[in-house]
Amino acid sequence: MSTQRSTAQPAERSAAGPADLTRFAWLSIATAIATIALKAGAWAMTGSVGLLSDAAESTVNLVAAVVALIALKVAAQGATQRYLYGRAKAEYFSAAVEGAMIFVAAGVILVTAVERFVHPQELENVGWGLLVSVIASVLNGAVAFVLIRAGRRYRSITLRADGRHLLTDVWTSVGVLVGVGLVALTGWERLDAVVAFAVGVNIIVTGVGLVSESVAGLLDKALSDEDNAVITAILRQRVAAAAAEEAAAGHAGETGHGVAFHGLQTRDAGQEKFMNVHVLVPDDWSVKRGHDYIEDLEAELAAALPGLRVLTHLEPISDPASYEDIPAAHIPIHGDHRDTDAPPPPAG
């Protein structure tokens with residue numbers, strides 16, 4: 001017997017699929033356009049290759065925001081007969097594209113930095129250029145905070161990736177501002193190129209992180225250790241409660257009684273969380289009693305982890321066949337024979 005249940009939290013989530021988060025992508029697009037204009041203006045005023053590299057990264061932000069918009073629109077669509085589990089994984093493609101775009105921007109920045117180091121150029125209007133860049137950085141920082149918070153709330157890798165990228169852009173801008181300021185103070189023009197090169201390396205590190213996370217999601221990585229711990233704790237509590245009930249009824253240790261779980265598997269899919277587990281119940285339970293027990297269990301799990309979709313398989317606890325279909329890769333629940341392919345030992 002298999003049943004499936006899901007929860008609709010946060011409030012914007014519905015049975016049709018994940019929450020529509022495209023408004024955050026539009027915010028990111030508008031921010032990218034504004035910061036490109038501001039940073040390009042700062043570069044035009046000063047001639048700083050560091051500020052040029054900063055503007056180049058904002059161009060990547062714009063492309064990434066457009067891709068994020070597309071991915072979020074796809075991910076928000078509900079399940080269909082062709083896509084039975086929805087399309088939440090579309091967000092991972094957005095993160096991968098953003099990571100790839102970061103590599104392209106980093107390459108342009110590194111080449112430009114080397115060229116400017118070989119052929120240094122005197123900076124102009126440094127004060128005005130720095131002021132404009134500071135305004136752009138404050139705007140990026142504010143939007144980054146909004147995106148990261150929304151990404152955590154809605155479990156959206158696209159929003160988290162976009163927010164982290166914008167936050168990296170902020171720190172990049174801080175480094176560039178420091179570099180340009182030091183050039184103005186020391187007169188050493190090559191320092192501008194050195195800072196730009198460091199910015200390029202930092203951007204590459206960010207890109208590697210985004211691509212790694214998106215690949216892990218596409219390969220159906222398990223839920224986090226924290227989420228798995230919540231699930232296993234609930235299952236162990238259920239086992240203990242059933243044991244106490246059987247003991248009170250005088251069936252303690254008897255074969256065919258008690259409740260156990262095994263074969264737990266979990267996976268992360270953007271805003272969605274999935275788990276499946278085998279539920280072993282007393283041999284003499286009726287179908288209705290087993291079904292009611294599973295319904296209550298799934299409701300408890302879904303309440304503990306909003307967005308979790310639970311798939312259960314009901315089996316008689318003393319039947320050896322119940323222990324023959326445990327998947328090779330699963331999450332330990334009990335740490336004893338109930339997590340293996342061996343049936344429970346006979347009573348006595």
Side-chain angles (χ1 to χ4, degrees), residues 9-13 18-42 50-51 53-73 75-76 88 91-92 94-99 101-102 105-106 130-178 198-199 202-214 217 224 226 268 270-271 306-307:
Q9 297 180 6
E12 294 185 32
R13 191 179 189 82
D20 185 354
L21 306 178
T22 54
R23 64 186 183 279
F24 295 106
W26 283 114
L27 174 63
S28 183
I29 290 173
T31 302
I33 293 173
T35 53
I36 288 173
L38 289 169
K39 292 180 178 180
L51 291 175
S53 68
D54 210 7
E57 187 177 3
S58 292
T59 302
V60 175
N61 291 347
L62 177 58
V63 175
V66 172
V67 174
L69 175 64
I70 297 172
L72 289 172
K73 280 186 174 295
E91 291 199 41
Y92 290 114
S94 170
V97 170
E98 182 163 356
M101 290 299 301
I102 286 175
L130 293 181
L131 177 60
V132 172
S133 187
V134 166
I135 295 173
S137 298
V138 171
L139 178 60
N140 265 341
V143 175
F145 175 78
V146 171
L147 294 180
I148 292 174
R149 186 175 63 176
R152 289 171 178 169
R153 178 184 179 189
Y154 297 103
R155 288 179 45 79
S156 169
I157 184 177
T158 296
L159 294 182
R160 292 200 308 272
D162 212 8
R164 287 208 309 267
H165 188 187
L166 286 179
L167 196 58
T168 299
D169 196 13
V170 172
W171 290 114
T172 296
S173 298
V174 171
V176 169
L177 292 173
V178 171
V199 167
N202 182 55
I203 293 173
I204 289 176
V205 173
T206 301
V208 170
L210 289 178
V211 171
S212 297
E213 185 175 0
S214 63
S224 66
E226 292 77 10
D268 204 339
Q271 297 182 52

Using a 3.5 Å cut-off and no angle test, enumerate the donor-acceptor pairs between side-chain atoms of residues 25-37 and protein atoms at least two apart in sequence or in another chain.
from, atom 1, to, atom 2, distance (Å)
Ser28, OG, Asp162, OD2, 2.6
Thr31, OG1, Leu27, O, 2.8
Thr35, OG1, Thr31, O, 3.0
Thr35, OG1, Ala32, O, 3.0

Tell me the closest heavy-atom pair linking Phe24 and Leu159, and the distance in Å.
CB-CD2, 3.5 Å
Looking only at heavy atoms, what is the nearest atom pair of Leu166 and Ala144, with distance?
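Residues Leu166 and Ala144, closest heavy atoms: CB-CB, 3.7 Å.
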Between atom [atom1] of [X] and atom [atom2] of [Y], what is the distance when rounded to the nearest 0.5 Å?
X: Arg160; Y: Tyr154; atom1: CZ; atom2: OH; value: 14.0 Å
X: Arg23; Y: Leu72; atom1: CZ; atom2: CG; value: 10.5 Å
X: Lys73; Y: Leu21; atom1: NZ; atom2: CG; value: 11.5 Å

